[in-house]
Amino acid sequence: MSKIRYADIAFPTAVRRLFTYETGDSTIRPGMRVWVPLRSEFAIGMVVQVHDRKPEFETRPVERILDEEPVMDHTMLQLTEWIHRFYYCSWGEAVQAALPVGLNFASEKRLQVRKGFKGGISEEERELLDEIAESHLTLKEAEKRWREGKGKAFLKKALKQEWVTVWEQPKQKVDYKKVKHWQLAESVNPDKALAGLEEKERDNKWVQAFEKLTGMNLPLPHRHLLEDKLFTTYTLNRIEKEGWIESVDLPVESEPVHNGIHRPDEIKILSDQQQEAFEKIRESLDSHAFKSYLLFGVTGSGKTEVYIHALKHALEQGRGGLVLVPEIALTPQTVQRFYHIFGDQIAVLHSRLSDRERFEAWQSLKSGEKRIAIGPRSAVFAPVRDVGLIVVDEEHDTSYKQYDPAPRYHARDVAVMRAHMENAVAVLGSATPGMVSVQAVKEEKHELLHLPLRPTGTMPEVQILNMLEYKSAMRGPLTVELYNEVEKALKRKEQVILLYNRRGFASFMQCEDCGHVPQSPESSTSLTYHKKKNILLDHYSGYSRRADTRCEMCGSANLKTKGSGTQQVEEEVEKLFPQARLLRMDRDSTSGKRGHQTIYEQFLSGQADILIGTQIVAKGLDFPNVTVVGVLNADTELAFPSFRAGERMFQLLSQVAGRAGRAEKPGVVYVQTWKPDHPAIQCAKTHDFKAFARHELANREMLHYPPYSRMVVFQFKCPSWSKVQVVADKFCDAMRTVTGDEPVMGPSPSVIEWMSGQHQWEANIKLSRNFNGHAIEKLLNDIFKKYDSIKPKGSGAVRINVDVDAVE
DNA sequence: AGCACGCCGACT
DNA sequence: GTCGGCGTGCTC
Ligand SMILES: [Zn+2]
């Protein structure tokens, strides 16, 4: 045994601390997983540091090192450490998010009857003990098997008396895929074996099968052999029974995934503007230094071609690539566009992969076999070797933010940090960039690459329909104008998309005469309506007032509360156009992405005339035959109780506009709204993102919202209503003591006040944008320390979640 | 986060 | 007397 060294280990629990163990095994290195004793059990942990500093406390030894080679390299450890500080989670939680579930170990506890145990026990107990010895159960299975009565009592007694002991073993969830193969038994001489048969046996099918096997290049997979009629499960087993062949489980290459055509020669020639953007990226790649770009270009401006050329260049440099795409956009079509050029160098990290498939994709990237990873949020951790380029497409998409479980990271920001750590180039692409990225360009953190619309492209016309004017001219949820346009389009055999906003999980009030939604005087966001207490509430600041009886805008008494319940929009539309073929799509009704995909395909192939659904229809494909797009109630987005409501609305309308028609068949987007003058609507009409950004940024700056601050949201959860409230109050006291009164808002009940048996409150704090990982960690440590010193009795039951850079 | 340890009410 | 409820504190 060599010299004792110390390993700092991160566990996948919420404890934001490392634990130090000792080991004499000199093969231990950071990035390896270990099996160590923790309390009275064993646990899996990740070695993050190996050193010689003997701690003051007693250390326990590492039981087992689970890897021969580190599964995380230095950068990945560094990246997860940054997440640990910045998003205030444990290092182990960040590690867990970065590894495929297949690499998680679970402890498996099996029961063993102590050897040579005779004991003075009753007949009945003896029987039970024999059963335990034979059944080879896990502890969990045994506890389930003997759930009650005598059995339960005996199991407990047997464990206590140590008649039965528990063996704890690490068990990896997924291993390399192994498949049953057949090979000749070592000891067998085929000729002799056959010669030893009786005459009448020679005609048997299994004998013929064996004869054939001897002439084959074994071992061969069972499945493969079955293709020959001579080989069946029976004949093979029969030969095995003679002891002439034996089965072995051998690892196999996973079957290649079919992603369509691979024609690298068909890479598209870039337009001048695309070429210009690409040249910039190429220069940065050549310099081998960190650089980040915001690639701003509307739908159809050809961002993907720029990504593809840049990826190609990275590969030519011998470096790898990483492409992040929002979950919803990760369709076969998207994959095909990359596969077309890069073929099997691509690994797709789909969220629908099985644990094993994910593990194999991960492995193929780590080994360097695959050079490009494409995937949603979690793919930011894909172990691409020597990453040169990281693309984040649709960088504004909120699905890049993880909420539960921790770490609550933003994949776009992690991507930029990873690029920074690996001296790579980050390219964030969007037609409607988030304000955070726009501001980063202004501050020269990102460089802007602008792709104007191609000369062949057109932006569809956007018509605004003022609901005030159509108040008495409605056909169900459609204004007469939109109704007529739909009719006309149907007559022309063209297609229609109708989009209605999903009502959020929050209720709100709206004036029936002017469409106004009551706003908070404190945070300038929409107030939510709470039926029980009949109040309007601002969940940022905690401001509340008795529900309005008159519209604060026009004075009308005609205020209506809009719940979060289901809407009948689809049924009403169906009645309006009984002769039309209707296709529905929303997040709930269609199960999973497959469902969406089939709906898109049906609509594209003309199997329906009208596609109606929630926001999700805006994220689909291009439909060249669609000439009318109707947004039925655009304002619902503005009622969303968030300072980002305007941004979301603009993004939605822009996205919709990007779907309507093509050059040959120009489409018109009709937006029904009570607020025709709202900047988000006006700018969407003129397709003027820059004007919208100017307006929105001015607003944000005035109210000190991101990107002019960094918001940290704290959520308090507990089954007891009174406890949550007390803890939230005390926590805010602690915050105000540490930071002063000014940046703290709240506490207040969450927008979702009650969820799965828990009451939820929240509070938030606006920090300077300059707070980096260390500063955030220090401040939050101070706040929690202060809180610990003043927290009331019984507060342990309240869970406190920290969400740095929360999105909603 | 789990999970053991410990301190008080309802049962054989 | 003890079984078990949850509140508290610790894990190298
Ligand atoms: Zn009004």
Side-chain angles (χ1 to χ4, degrees), chain A residues 4-25 28 30 32-65 80 83-84 87-97 101 104-109 139-140 143 147-150 152-157 159-160 166 168 170 402-408 714-720 722-724 726-727 730 756-758 780 784-785 787-803:
Chain A
I4 294 288
R5 305 200 74 198
Y6 300 95
D8 291 342
I9 291 165
F11 291 104
T13 66
V15 183
R16 291 193 76 262
R17 229 181 320 152
L18 297 174
F19 293 84
T20 308
Y21 287 78
E22 58 182 57
T23 180
D25 191 331
I28 197 163
M32 288 178 172
R33 296 163 304 158
V34 286
W35 189 248
V36 294
L38 183 64
R39 282 275 186 107
S40 57
E41 304 204 315
F42 282 86
I44 183 177
M46 173 64 68
V47 179
V48 298
Q49 208 195 140
V50 179
H51 57 84
D52 294 316
R53 300 184 302 276
K54 184 177 165 51
E56 288 165 14
F57 48 80
E58 281 290 300
T59 49
R60 296 174 77 181
V62 172
E63 172 79 12
R64 209 166 123 190
I65 300 173
T80 49
I83 289 172
H84 152 67
Y87 294 104
Y88 207 71
C89 63
S90 78
W91 195 338
E93 283 172 322
V95 164
Q96 203 173 33
V101 271
N104 288 340
F105 275 71
S107 104
E108 189 186 70
K109 297 178 189 171
L139 182 59
K140 278 235 170 70
E143 278 168 350
R147 207 173 328 178
E148 53 203 10
K150 275 185 192 160
K152 185 185 173 185
F154 175 71
L155 185 64
K156 203 175 164 188
K157 187 173 165 193
L159 284 168
K160 198 170 178 184
V166 177
E168 199 175 2
Q402 160 124 331
Y403 186 69
D404 262 338
R408 301 186 170 82
F714 300 87
Q715 190 169 50
F716 310 92
K717 293 189 195 191
C718 178
S720 151
S722 57
K723 273 186 190 169
V724 209
V726 169
V727 164
K730 282 286 170 200
S756 42
Q758 306 230 301
L780 293 180
F784 274 98
K785 218 166 123 191
Y787 166 71
D788 280 341
S789 71
I790 60 168
K791 70 180 172 194
K793 285 256 177 232
S795 60
V798 182
R799 190 101 280 133
I800 304 176
N801 285 341
V802 181
D803 190 2

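Below, read A as the first sequence line, B as the second, and so on, with proteins coming before strands; counting in each chain starts at 1.
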Enquirer: Does any N or O in the side chain of A/E93 come within less than 3.5 Å of the main-chain N or O of A/Q96, such that one atom is a donor and the other an acceptor?
Expert: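 Not at all, since once roles are kept as given, no pair shorter than 3.5 Å links the two residues.
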Enquirer: For nucleotides 2-9 of chain B, just jot down a letter per nucleotide in 5' to 3' order: B, S or -, based on protein non-hydrogen atoms under 4.0 Å.
Expert: BBS-----
Enquirer: Separation of A/E22 atom CD from C/dC12 atom C1', in whole Å?
Expert: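 Whole-Å distance recorded here is 10 Å.
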Enquirer: Measure the distance from CZ on A/R16 to C1' on C/dC10 and round it to the nearest whole Å.
Expert: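 The answer, rounded to whole Å, is 17 Å.
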Enquirer: Provide, to the nearest angstrom, the distance between the CZ atom belonging to A/F42 and the P atom belonging to C/dC12.
Expert: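 It is 11 Å, rounded to the nearest whole Å.
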Enquirer: Starting from P on C/dC12, measure out to CZ on A/R53 and report it in whole angstrom.
Expert: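 Result: 19 Å.
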Enquirer: With sequence neighbours left out, what residues match A/E63 under side-chain hydrogen bond (donor to acceptor under 3.5 Å, both in side chains)?
Expert: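 Testing A/E63 for side-chain hydrogen bond (donor to acceptor under 3.5 Å, both in side chains), a comparison that skips the adjacent residues, returns none.
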Enquirer: So what does A/E93 hit on the nucleic acid, given a heavy-atom distance under 4.0 Å: a base, only sugar-phosphate, or nothing?
Expert: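 The answer is nothing, as A/E93 stays clear of every strand by at least 4.0 Å.
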Enquirer: Without swapping roles, check the side chain of A/R60 against the backbone of A/R39 for a donor-acceptor pair under 3.5 Å.
Expert: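 Flag set: sc A/R60 to bb A/R39 pair under 3.5 Å.
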Enquirer: Within this structure, what is the CZ-to-C1' distance between A/F57 and C/dC10, rounded to whole angstrom?
Expert: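 Value for this atom pair: 13 Å.
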Enquirer: How long is the line joining CG of A/D8 and C1' of C/dC12, in whole Å?
Expert: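 Going from CG in A/D8 over to C1' in C/dC12 covers 9 Å.
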Enquirer: Looking for any heavy atom pair under 4.0 Å, which part of the strands does A/Y21 touch: base, sugar-phosphate only, or nothing?
Expert: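 Sugar-phosphate contact only - A/Y21 comes under 4.0 Å of backbone atoms but never of a base.
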Enquirer: A/L38 has an atom CG; how far is it from atom P of C/dC12, in whole Å?
Expert: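 Going from CG in A/L38 over to P in C/dC12 covers 5 Å.
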Enquirer: What closest approach, in Å, do A/K730 and A/P792 show between heavy atoms, and which atom pair accounts for it?
Expert: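 Heavy-atom minimum between the residues: CG-CD, 3.8 Å.
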Enquirer: Kindly say whether A/V47 contributes a backbone atom to a donor-acceptor pair with the side chain of A/Y21 at under 3.5 angstrom?
Expert: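 Here the side-chain-to-backbone pair does not exist.
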Enquirer: Between A/D788 and A/K791, is there a side-chain N and carboxylate O pair less than 4.0 Å apart?
Expert: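 Yes, this pair counts.
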Enquirer: Measure the distance from CG on A/D788 to C1' on C/dC10 and round it to the nearest whole Å.
Expert: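 After rounding, the gap between these two atoms is 14 Å.
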